[in-house]
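Comments concern the structure below.
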2 protein chains.
Amino acid sequence: MPVHDHQLHEGESLREAARERLTRQGEQWTGMREAVFDALAGFDKPASAYDIAEAVSKAQERRVAANSIYRILDLFVGANLARRVESANAYVANTHPDCLHDCIFLICDQCGQAVHIDNDRLTGGVRDAAKEAGFTQTRPVIEVRGTCGDCDPN
Amino acid sequence: MPVHDHQLHEGESLREAARERLTRQGEQWTGMREAVFDALAGFDKPASAYDIAEAVSKAQERRVAANSIYRILDLFVGANLARRVESANAYVANTHPDCLHDCIFLICDQCGQAVHIDNDRLTGGVRDAAKEAGFTQTRPVIEVRGTCGDCDPN
DNA sequence: CAATGCAATGTTATGTTGTAACTTGTCCTC
DNA sequence: GAGGACAAGTTACAACATAACATTGCATTG
């Protein structure tokens, strides 16, 4: 039961939505940024900056330093095009960049897959708890490490 | 309003509780482990393995490698004597090692302070959500980055 | 008590993740 | 085409983490 409707993109459409979003923020959609976004979106699990550097290097047949990737990933995270998975030191593309909310990641310790769920009741509760403790400008990090259904079919 | 009672330890008492707990698990309470625990408990904010290595090195007037610290920290986390703060790559002593539950950390981006709160309703909700998605052997990571009341007194 | 075994720790090396500082390239404007 | 502004490249290094193997010290037992 989805809490709200939002557009889920994939492939061309996703890249297009990302480009839209980024340019709307006054940032440029460059070849390099597109390459990084494509690489990121091409992974089926959270990818490290170095994973992405390798993928882009391969795609472009030239060496691309992790450094540059970090810059672009930071930009993406700031623009909601990507999310950082803290407990995995890795990043995932955001499939609905126009929709701004906290999210919860479930990460399988076996296969590395991450699934993303939304639950505003929970994330709101966490935000409230932080506020109550006097924290401001809060950014919740809610992740669950565990074993996914595919890896533990019991 | 505490959700439940539990013993909060500090200083001698905390070390004693930790020793108790560890030995009860069949592990040894060695001089090195005590030194690491004391160093960890001596920090007023989450400390990295390297911070602790430095503190122990100073206390013992000899070089202690980060390596050994990691081993002991892993042991501590496994025995509930310490917690890892994922979003800070750092560790904190657990002031009530006999009480097993999920916890929530609020970390100030300005001063690095971390405060620890318990809220079984929230952590339980996160666990339930993960279970619903087919995950087992779950270990929630719930942290909030933000600015603490001292750093932003508005 | 020597021999053995085992757990803890030490040592060295290396892998992984993340930043800093500065340079170069490109595009736009005047 | 000079100058500014931003993207990207380059080099270096800092910070975090693990692997592989050696050594130490203590407990057991023959």
Side-chain angles (χ1 to χ4, degrees), chain A residues 19 22-23 25-40 43 45-57 59-79 81-82 84-92 107 109 112 141 145, chain B residues 19 22-23 25-37 39-40 43 45-57 59-79 81-92 107 109 112 141 145:
Chain A
R19 191 185 62 70
L22 197 61
T23 52
Q25 312 238 322
E27 296 286 352
Q28 300 177 35
W29 184 257
T30 66
M32 186 63 180
R33 290 174 184 185
E34 181 165 298
V36 170
F37 189 83
D38 286 351
L40 180 59
F43 282 93
K45 61 182 71 167
S48 76
Y50 283 78
D51 291 339
I52 295 166
E54 195 176 323
V56 173
S57 294
Q60 310 234 343
E61 295 183 313
R62 73 195 175 92
R63 178 179 175 277
V64 175
N67 192 326
S68 302
I69 307 296
Y70 275 110
R71 268 196 296 241
I72 293 172
L73 286 174
D74 286 350
L75 180 76
F76 284 0
V77 169
L81 267 53
R84 177 173 164 82
V85 182
E86 292 291 346
S87 72
N89 296 331
Y91 300 81
V92 294
I107 304 107
D109 289 327
V141 173
R145 308 298 311 212
Chain B
R19 193 184 61 68
L22 197 61
T23 52
Q25 312 238 322
E27 296 286 353
Q28 300 178 35
W29 183 257
T30 66
M32 185 63 180
R33 288 172 187 186
E34 181 165 299
V36 170
F37 189 82
L40 180 59
F43 282 93
K45 60 183 72 166
S48 77
Y50 281 79
D51 292 339
I52 296 166
E54 195 176 322
V56 173
S57 295
Q60 312 234 341
E61 295 184 313
R62 72 194 176 93
R63 179 180 175 277
V64 176
N67 192 328
S68 302
I69 306 298
Y70 274 110
R71 269 194 296 239
I72 293 173
L73 286 174
D74 287 350
L75 180 76
F76 284 0
V77 169
L81 266 54
R83 301 281 195 163
R84 178 174 162 81
V85 182
E86 292 290 346
S87 72
N89 297 333
Y91 300 82
V92 292
I107 302 108
D109 289 329
V141 173
R145 310 296 313 214

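All of these numbers come straight from a predicted model, not from anything done at the bench.
- Going from atom CG of B:N89 over to atom P of C:dT19 covers 10 Å, rounded to whole Å.
- Distance from the side chain of B:N67 is smallest for D:dT18 among the nucleotides D:dA7, D:dT10, D:dT18.
- A:D51 places its CG atom 14 Å from the C1' atom of C:dG15, with the value rounded to the nearest Å.
- Atom pair B:L73:CG and D:dA17:C1' shows a separation of 12 Å (rounding to whole Å applied).
- A close approach under 4.0 Å does occur between a side-chain nitrogen or oxygen of A:S68 and OP1 or OP2 of D:dG9.
- Between B:I72 and B:T30, every side-chain heavy-atom pair lies at or beyond the 4.5 Å cut-off.
- Between A:M32 atom CE and D:dC6 atom P there is a gap of 19 Å when expressed in whole angstrom units.
- Taking the nucleotide of DNA chain C with the nearest heavy atom to each of B:R63 and B:G26, the more 5' of the two is matched to B:G26.
- Residue A:A65 places its side chain closer to D:dT11 than to any other of C:dT9, C:dT17, D:dT11.
- With C:dT17, C:dT9, D:dG9 as the candidates, the nucleotide lying closest to the side chain of A:Y70 is C:dT17.
- The aromatic ring of B:Y50 is stacked on the base of D:dC16, with the two ring centres less than 5.5 Å apart and the planes inclined by under 30°.
- For the pair B:W29 CH2 and C:dA8 P, the interatomic distance rounds to 14 Å; values are reported in whole Å.
- Atom CG of B:L40 and atom CZ of B:R83 lie 12.5 Å apart (nearest 0.5 Å).
- No side-chain donor-acceptor contact under 3.5 Å links B:R145 to the backbone of A:V141.
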For this session: Could you give me the CA-CA distance, side-chain angles and deciding distance for A:M32 and A:V64, then say whether side-chain contact (heavy atoms from CB on, under 4.5 Å) is met?
Result: CA-CA 10 Å; A:M32 186 63 180; A:V64 175; 3.2 Å; yes
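- OP1 or OP2 of C:dT17 has at least one side-chain nitrogen or oxygen of A:S48 nearer than 4.0 Å.
- Counting non-hydrogen atoms under 4.0 angstrom, A:R71 reaches a base of the nucleic acid.
- Protein atom CD of A:Q28 is 10 Å distant from nucleotide atom P of C:dC27, rounded to whole Å.
- Between A:F76 and A:W29, the ring-plane angle classifies as parallel under the 30° and 60° cut-offs.
- With D:dA8, D:dA17, C:dT9 as the candidates, the nucleotide lying closest to the side chain of B:R84 is D:dA17.
- Rounded to whole Å, the distance from CG on A:D74 to C1' on C:dT17 is 13 Å.
- Rounded to an integer number of Å, the gap from A:Q60 CD to D:dA8 P is 11 Å.
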